[in-house]
Amino acid sequence: MPMVFPVVVDRVVRVTPSMVRITFGGVGLDGYATSGEPDEYCKVLFPHPGSRDVVIPPADGEELPAGVEPAPQRNYTIRRFDPDAREVDIDFVVHDGGIAATWAQQAAPGDHAALTVASGRFEMPPAGHRLVLVGDATALPAIGRIVESMEPGRHALVVGVVAAAEEEQVFRTAGEVEYRWVHVPLSGVGEALRSAVEGLPLPDGQVFVWMAGESEAQRAVRKHLRHVVKLPSGSYSTMGYWRFAREEWEERYEQVKAEIVPTIEKADKEIADDEEFFDALDEIYDKVGL
Ligand SMILES: Cc1cc2nc3c(=O)[nH]c(=O)nc-3n(C[C@H](O)[C@H](O)[C@H](O)COP(=O)(O)OP(=O)(O)OC[C@H]3O[C@@H](n4cnc5c(N)ncnc54)[C@H](O)[C@@H]3O)c2cc1C
């Protein structure tokens, strides 16, 4: 089974003004499979800027020829997978800058890319639990899949942080869904995600909160759910999908890397519980202004 599946763009449609749906197909998708989790995602490998072809990593253990740079790759949610039609849809937010967003904005039928194996981690909570799904535009593909997988009788609250009313999306479902939309410019997305979660009435038990989006906001939301609301770790899941001003964060990371990496590795070895590890990581990052 290949780990990387070469694909060809079949169709490109606008879902909203800033979201492009690309349908990938081609014989390279033979053998592609869903993980079954509705938030499943893969890495998309893109051609280097100026090239049409994607550098496909060689089989296990082999190296790329000298002078060949690996393909740029980014994480994207599998919005739809149809094994019979051999099609995968991915919804790309087309923001300024970025190899992926620029490629998606210009994509046309016949263009090449590649996908890695899909995996996810969302598990539908037991019946009777209310779902709270919070995210910015990048999380809407996963929220869409989760909502579409809800069974009759299931309730969900979707809190979406988007730029404007035209960016809102409503998903088909057998369950019952209430939507709350917050409209903010890009610079306000993090704060809006934070305050949306802080303003939620979260009843004890019987609730599962899923949040994804900007990474600083995700850190704050995780802290809030764990330390303020005191939800048990099985009652929430948060994931950073992208970082506002990523270049500045990475520059700072490079400056402090030598100082913090040994402490992070030590914490990773000594702390078995994921949430306790994230607490330790937050503390390490906070100390160095990351
Ligand atoms: C599990 C997972 C699933 C994801 N699913 C999706 C998905 O289905 N659809 C989707 O659009 N994204 C999704 N993302 C987010 C996507 O991977 C990032 O936005 C990615 O950084 C985009 O790459 P890029 O090359 O366009 O920009 P980068 O090269 O990463 O960044 C370039 C610049 O753009 C900024 N930037 C990056 N992303 C955004 C953004 N969304 N809005 C505004 N500015 C941005 C950065 O801060 C940086 O300044 C997902 C991420 C994860 C981890």
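Atoms within each ligand, like the ligands themselves, are counted from 1 in listed order. Nothing fancy with the numbering, it's 1 onward along the sequence. Just so you know, these numbers come straight off a predicted model, no measurement behind them.
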Using a strict cut-off of less than 4.0 Å between a Lys/Arg side-chain nitrogen and an Asp/Glu carboxylate oxygen, indicate whether E87 and R11 qualify as a salt bridge. yes
Any carboxylate oxygen within less than 4.0 angstrom of a Lys/Arg side-chain nitrogen, looking at D89 and R80? yes
Give the ring-plane orientation class for Y32 versus F81, where under 30° counts as parallel, over 60° as perpendicular and anything between as tilted. perpendicular
Step through the shown structure and confirm whether more than 12 heavy atoms of other residues, nucleotides or ligands are within 6.0 Å of CD on E283. no
Indicate, as side chain, backbone, both or neither, the part of D96 found under 4.0 angstrom from ligand 1 when only non-hydrogen atoms are considered. backbone
Would you kindly specify which portion of M19 sits under 4.0 Å from ligand 1, judged on non-hydrogen atoms: side chain, backbone, both or neither? neither
Ligand 1 versus M239, non-hydrogen atoms closer than 4.0 Å: side chain, backbone, both, neither? side chain
Residue, atom and distance of the protein heavy atom nearest atom 28 (P) of ligand 1 read R246 NH2, 3.5 Å
Please could you name the atoms of ligand 1 that A100 approaches to less than 4.0 Å, counting only its heavy atoms? 23 (O), 24 (P), 25 (O), 26 (O)
Check the orientation of Y76 and F92. Use parallel for under 30°, tilted for 30 to 60°, and perpendicular for over 60°. tilted
Could you tell me whether A245 approaches ligand 1 through its side chain, its backbone, both or neither, with non-hydrogen atoms closer than 4.0 Å? backbone
Below the 3.5 angstrom mark, is there an N/O of G240, backbone or side chain, next to an N/O of ligand 1? no
Which residue holds the protein heavy atom closest to atom 20 (C) of ligand 1, what is that atom called, and what is the gap in Å? R74 CD, 4.1 Å
Note: heavy atom closest to atom 47 (O) of ligand 1, options R79, E250, E40, R243, belongs to R243
Given that the side chain starts at C-beta and the backbone is N, CA, C, O, which of these parts of H95 lies under 4.0 Å from ligand 1, counting heavy atoms, or is it both or neither? side chain
Counting only heavy atoms not in Q255, do more than 12 fall under 6.0 Å of its CD? yes
Determine whether the side chain, the backbone, both or neither of D91 has a heavy atom under 4.0 Å from any heavy atom of ligand 1. backbone
Heavy-atom distances under 4.0 Å decide this one: backbone, side chain, both or neither, for Y241 against ligand 1? both
Starting from atom 5 (N) of ligand 1, locate the nearest protein heavy atom and write down its residue, its atom name and how far away it is, to 0.1 Å. T77 OG1, 3.0 Å
Please check if the number of heavy atoms outside E178 that lie under 6.0 Å from its CD is greater than 12. yes
Are R226 and D282 ion-paired here, with the side-chain N under 4.0 Å from a carboxylate O? no
Between R14 and E166, is there a salt bridge with N-O shorter than 4.0 Å? no
Spatial distance of atom OG (S35) from atom CD (E40) [nearest 0.5 Å]: 3.5 Å
Ion pair check, E216 and R194, cut-off under 4.0 Å: no
Taking 4.0 angstrom as the limit and counting only heavy atoms of F92, give me the atoms of ligand 1 inside it, by number and element. 11 (O)
Return the closest protein heavy atom for atom 11 (O) of ligand 1 as residue, atom name and distance. V93 N, 2.8 Å
Go through ligand 1 atom by atom and flag the ones less than 4.0 Å from a non-hydrogen atom of E247. 32 (C), 33 (C), 48 (C), 49 (O)
Could you name the option among F46, Y41, W103, Y76 that has the heavy atom nearest to atom 22 (C) of ligand 1? Y76
Taking side chain to side chain donor-acceptor pair (under 3.5 Å) as the test, write out the residues that go with S149, two or more places apart. none
Once you measure the plane-to-plane angle for W249 and Y253, does it fall in the parallel (<30°), tilted (30-60°) or perpendicular (>60°) bin? parallel
Determine whether the side chain, the backbone, both or neither of A101 has a heavy atom under 4.0 Å from any heavy atom of ligand 1. both
May I ask you to identify the nearest protein heavy atom to atom 16 (C) of ligand 1, giving residue, atom name and distance to one decimal place in Å? N75 O, 3.6 Å
Proximity winner for atom 44 (N) of ligand 1, if only heavy atoms of W249, F244, W242 are counted: W242
Closest protein heavy atom to atom 41 (N) of ligand 1, given as residue, atom name and distance to 0.1 Å: T138 CG2, 3.2 Å
